[in-house]
Amino acid sequence: MKIYRYVASAGLVAASMSAGISFAQETTVPRVGFVAGAGGYPKMAVTNQAFFDGLADAGYKDGRTMQVIFRTAEGNMSLMPALIRETLPENVDYLVVSSSPGCAAAKNATTTVPVLCISVQDDPIREGLTSSLASGSGNIVGVHSYLADGISQQLGMLQKLKPGLQTLGILFNPSNATHKRLLSDWERAVQQQRVVIVPMPATVSGDLEKAIYAAKSHKAEIAIGLLGADTYAMRKEIAEVAKANDFPIAMDTPGGYTQMGGVATIGVDIVPLYRRGALELMVPMLKGKKPSELPWIGPTEAVMKINDDAAREFRLVVQQK
């Protein structure tokens, strides 16, 4: 667990005083708590970077027009409740939380501080975060990556990579409640396709070898890792262990997985959604809008990005561009 605090520079305070701005006015700069599932600060995960770039383009920059209190779970979702409880007493005016576990923890932690959830992996209604996607509920609104036919789209893409696919591994974090629900969704969705699902539980990177060994022993031909800050934090290790064991694992996550040697990303590209969350939700909230006055933002389709060289090494079908 890492804690990052930004304090306005002495030069900024001096400039404010010389312009005749009182200390009381200086403290009106909004304080934004940002609790990330993974990534650091100011060197951030690509998703978080897209969020802060969007804010900067709208004129909201850390240390100038807002103050950011940043904390990260570094992929350990069990830390999210504690990190949120530690952030709220920092007198934050807004709380931004990534991941489904993080958003659930934020809902339990406060009913007064406006909360922006980003990267909710499941249906926000099923997660209990809202009663309608048309508007936020209470103090919470956000961005989700749920598609009603998302698993069907992903399975079709996997079948293009591996024609005749019969046995599919699902890499998931067994301590992540959303992952367990999504695993059940996958098991139901593939029944008519006559595809067998092999669960591949992995909480930390040290679990990957065992998960792959078990999947291969059950004749799994390819796997997909479920979206989440926990799997995102392990993406480099997943790519490396998959290659070392000659077992292709696609990931339902962005963030340079294919550039790290991973075979493919198959799912919602959440990077643009983070930017939209900044511009279409966070900025209006900073200007006075309530979460209940704003709609949830979600995707329209899944996409597949292939590392052609890795796909050939795994003897997968590379689509002609």
Side-chain angles (χ1 to χ4, degrees), residues 1-6 32-55 62 68-87 95-106 115-122 127 142-145 171-179 182 201-208 224-242 249-262 265 267-275 277-278 282:
M1 177 178 65
K2 292 184 179 178
I3 300 174
Y4 301 79
R5 292 186 178 88
Y6 187 95
V32 178
F34 192 108
V35 182
Y41 191 82
K43 184 178 180 181
M44 292 177 273
V46 63
T47 47
N48 298 340
Q49 186 69 60
F51 181 86
F52 282 103
D53 285 348
L55 288 182
D62 189 11
V68 175
I69 294 86
F70 187 97
R71 302 189 184 188
T72 177
E74 297 180 312
N76 185 349
M77 295 298 95
S78 67
L79 296 177
M80 294 299 282
L83 290 172
I84 289 167
R85 288 194 301 269
E86 292 171 8
T87 302
L95 179 64
V96 183
V97 184
S98 69
S99 79
S100 290
C103 291
V115 175
L116 173 58
C117 292
I118 46 178
S119 192
V120 175
Q121 290 89 35
D122 200 358
E127 293 265 14
V143 177
H144 69 89
S145 56
L171 183 68
F172 74 106
N173 180 355
S175 64
N176 184 326
T178 299
H179 276 195
L182 292 174
T203 304
V204 296
S205 58
D207 298 331
L208 294 172
I224 184 168
L226 298 184
L227 175 65
D230 34 19
T231 45
Y232 176 90
M234 294 192 292
R235 65 199 187 284
K236 184 174 184 292
E237 290 82 0
I238 292 170
E240 293 172 347
V241 175
I249 301 178
M251 290 295 291
D252 182 3
T253 185
Y257 179 65
T258 53
Q259 288 86 350
M260 294 175 178
T265 55
V268 170
D269 185 354
I270 62 173
V271 176
L273 291 177
Y274 268 65
R275 180 176 175 84
M282 190 76 253

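Owing to the predicted nature of the structure, the values given are computational and were not obtained by experimental measurement.
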Please give me the minimum heavy-atom distance between [X] and [Y], naming the atom from each residue.
X      : Y      : value
Asp252 : Gly267 : OD1-CA, 3.5 Å
Ala239 : Gly261 : CB-C, 4.0 Å
Ala38  : Ala229 : CB-O, 3.8 Å
Gln49  : Pro42  : OE1-O, 4.2 Å
Ala106 : Ile84  : N-CD1, 3.6 Å
Ser100 : Glu127 : OG-OE2, 2.9 Å

Rounded to the nearest 0.5 Å, how far does [atom2] of [Y] lie from [atom1] of [X]?
X      : Y      : atom1 : atom2 : result
Phe34  : Leu116 : CZ    : CG    : 8.5 Å
Ser145 : Asp269 : OG    : CG    : 11.0 Å
Thr258 : Met251 : OG1   : CE    : 12.0 Å
Gln259 : Thr265 : CD    : OG1   : 8.5 Å
Asn173 : Leu182 : CG    : CG    : 12.0 Å
Asn176 : Met77  : CG    : CE    : 7.5 Å

Contact between [X] and [Y] at the side-chain level, heavy atoms closer than 4.5 Å - yes or no?
X      : Y      : answer
Val143 : Phe51  : no
Tyr257 : Thr231 : no
Met80  : Ser99  : yes
Tyr41  : Val68  : yes
Leu171 : Leu208 : yes

Between [X] (side chain) and [Y] (backbone), is there a donor-acceptor pair under 3.5 Å?
X      : Y      : result
Asp207 : Val204 : yes
Arg275 : Pro272 : no
His179 : Leu227 : yes
Gln121 : Gly228 : no
Ser98  : Gly37  : yes
Thr72  : Gly39  : yes

Mind telling me whether Phe52 and Phe70 have parallel, tilted or perpendicular rings, with 30° and 60° as the class edges?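 Tilted.
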Walk me through whether Tyr274 and Asn48 qualify under side chain to side chain contact (heavy atoms under 4.5 Å, CB included). CA-CA 7 Å; Tyr274 268 65; Asn48 298 340; 3.4 Å; yes
